[in-house]
Amino acid sequence: MTQLFDPFVNNSLARHLEDTRYARRVSVGGLPPSANEQTVAIFFNQAMAAIGGNTAGPGDAVVDVDMNHDRGFALVEMRLTEEASNAMALDGILFEGVPLKIRRPPGYNPSEAAALGPSMPSRCLNLAAVGLTPGSAEGLKGPDRICVSGLPKYLTEAQVRELLESFGPLRGFDLVKDWGTGDSMGHAYCVYQNSSVTDIACASLNGMRLHDNTLTVGRAKQRASQHQPEVETILLGLMAEQQAQLQQVMFGLVPTPTKVVCLLQVLTADELKHDKDYEEIMEHMRLEACRYGNLVKVVIPRPDSSGQLVAGVGKVFFEYADIDSAIKAKTAFREWKFDGNPVFSVYYPEIKFANLEFDG
């Protein structure tokens, strides 16, 4: 711990500072490995001065920084609770090119803190001075905010985000973590860029089994099972298929990038039966996939000559020469649609692909 502000105070003031520390701190996540106590303090002092967030008069706003270097987290202590509240407006600010997550720390008691000073940032802050816009921290607020609980704690932030982005790009996302360890707490919040997919995502994910866990998903201000009756009716036909596809994403295949990308359930056996149709589909897939990198091979399993289904029918496999091309392709596939339905893609094990094992 690095003490950055050590005023001469009497015992009464010292006790007051200790008692109010919980309300004068903000939790800062997402710090890069190069960060240390001094650089974090200097950064926040400059940012607070730039936005006009200092309310205790001249001097630096930061009193102390307590860092967990391994986890990229810090507790930043301000002089006043009002300054800590103003610092909350810096959520999303770039530190060495990395956006920071600024939250209230564990142990923060809103009702008690309210007696110590304002709990919301001042509306007069000049956020534009640090490249932020008013409301930029609002990405995870509003009626379309989704709460996802029951997540297996071993899932990484990237895996949870990929699961949620199966329904569309996100405007905001936060996987709640234990500050001390950096481990997932098993729940997350997100907001979709397109609010029309909110209820579809909730209905499809709610009740979904992930190994020994069952997800509880719903709008953050509603019980997870509450959906409008008309929405429930529309979604009934979608849920089974989407849950099956999403579980394939989470279980059967590889969460880390490989050179092989697999599209799930994009074609039917009937579409693949006739040679001419099959060749046209193959050529279309090849031409599209070439746009994203050095494509080595396209494999589209089809029924055999007797019409019997074989492993992998309905899937399309793309093998690229390098990982970067595969990552670029998989990202682009999120925008693909077949018959108006979104495409679900996963990384596929290279060994299974080489052995022509398409049943993963």
Side-chain angles (χ1 to χ4, degrees), residues 22-32 35 37 39-55 60-68 71-110 113-114 117-148 157 160-161 164 169-179 182 184-185 187-193 220-221:
Y22 76 93
R24 294 184 291 105
R25 279 178 165 182
V26 293
S27 173
V28 181
L31 290 165
E37 287 88 343
T39 59
V40 170
I42 292 173
F43 177 82
F44 274 90
N45 282 330
Q46 293 176 342
M48 288 288 288
I51 66 174
N54 294 347
T55 58
D60 292 333
V62 177
V63 173
D64 186 61
V65 176
D66 189 2
M67 268 196 81
N68 184 325
R71 301 296 182 180
F73 285 90
L75 286 174
V76 178
E77 183 178 341
M78 303 293 175
R79 295 175 295 184
L80 297 177
T81 56
E82 186 176 1
E83 290 181 336
S85 295
N86 286 341
M88 292 292 291
L90 296 172
D91 184 33
I93 191 172
L94 294 180
F95 177 89
E96 297 182 5
V98 178
L100 299 181
K101 294 180 179 180
I102 301 177
R103 305 285 187 269
R104 294 292 188 183
Y108 178 78
N109 187 319
S119 58
M120 297 296 293
S122 169
R123 295 183 178 181
C124 298
L125 298 177
N126 180 19
L127 296 178
V130 292
L132 296 174
T133 56
S136 62
E138 302 294 312
L140 280 172
K141 296 182 180 179
D144 295 317
R145 184 171 70 131
I146 294 174
C147 176
V148 183
E157 188 166 334
V160 175
R161 190 179 186 104
L164 297 173
L170 298 174
R171 188 181 82 208
F173 169 76
D174 184 30
L175 178 64
V176 181
K177 297 179 181 179
D178 180 271
W179 185 86
S184 167
M185 298 290 285
H187 53 278
Y189 295 91
C190 74
V191 177
Y192 286 95
Q193 290 183 16
K221 293 185 178 181

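The basis for the numbers below is simple: all heavy atoms, side chains too, and nothing from hydrogens, waters or symmetry mates.
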* Name all residues meeting the side-chain hydrogen bond (donor to acceptor under 3.5 Å, both in side chains) criterion together with S122; count only those two or more places apart in sequence or in a different chain, and write none if there are none. => none
* To do: Could you tell me whether the side chain of V40 reaches within less than 4.5 Å of the side chain of V28, counting heavy atoms only?
  => no
* Asked: Quick one: salt bridge (charged side-chain N to carboxylate O under 4.0 Å, His left out) partners of E157, sequence neighbours excluded?
  -> K101, K177
* Asked: Among all residues two or more places apart in sequence or in another chain, which pass the side-chain contact (heavy atoms from CB on, under 4.5 Å) test with A188?
  -> L151, V160, F173, L175
* To do: Please examine the side chains of S27 and L75, heavy atoms only from C-beta on, and report whether any two atoms are closer than 4.5 Å.
  => yes
* **Heavy-atom pair of closest approach, residues L90 and A47** => CD1-CB, 4.0 Å
* Close side-chain approach of Y192 and D144, heavy atoms under 4.5 Å -> no
* **Heavy-atom side-chain contact between R25 and V76 under 4.5 Å** => no
* side-chain contact (heavy atoms from CB on, under 4.5 Å) partners for Y22, two or more places apart -> Y108, N109, E112, A113, L116
* From the options L100, D60, V65, select the one residue that forms a side chain to side chain contact (heavy atoms under 4.5 Å, CB included) with F44. => L100
* Structure fact -> Tightest non-hydrogen contact, residues V26 and A84, listed as CG1-O, 3.5 Å
* If you look at every heavy atom in M67 and A35, which pair is closest and at what distance? -> CE-O, 3.8 Å
* Asked: So which heavy atom on N54 is nearest to which on A61, and how close?
  -> OD1-CB, 3.2 Å
* Asked: Are the side chain of R24 and the backbone of M78 linked by a donor-acceptor contact shorter than 3.5 Å?
  -> yes
* side-chain hydrogen bond (donor to acceptor under 3.5 Å, both in side chains) against E83, all qualifying residues, sequence neighbours excluded -> R79
* Residue list, side-chain contact (heavy atoms from CB on, under 4.5 Å) with P118, at least two apart or on another chain -> E82
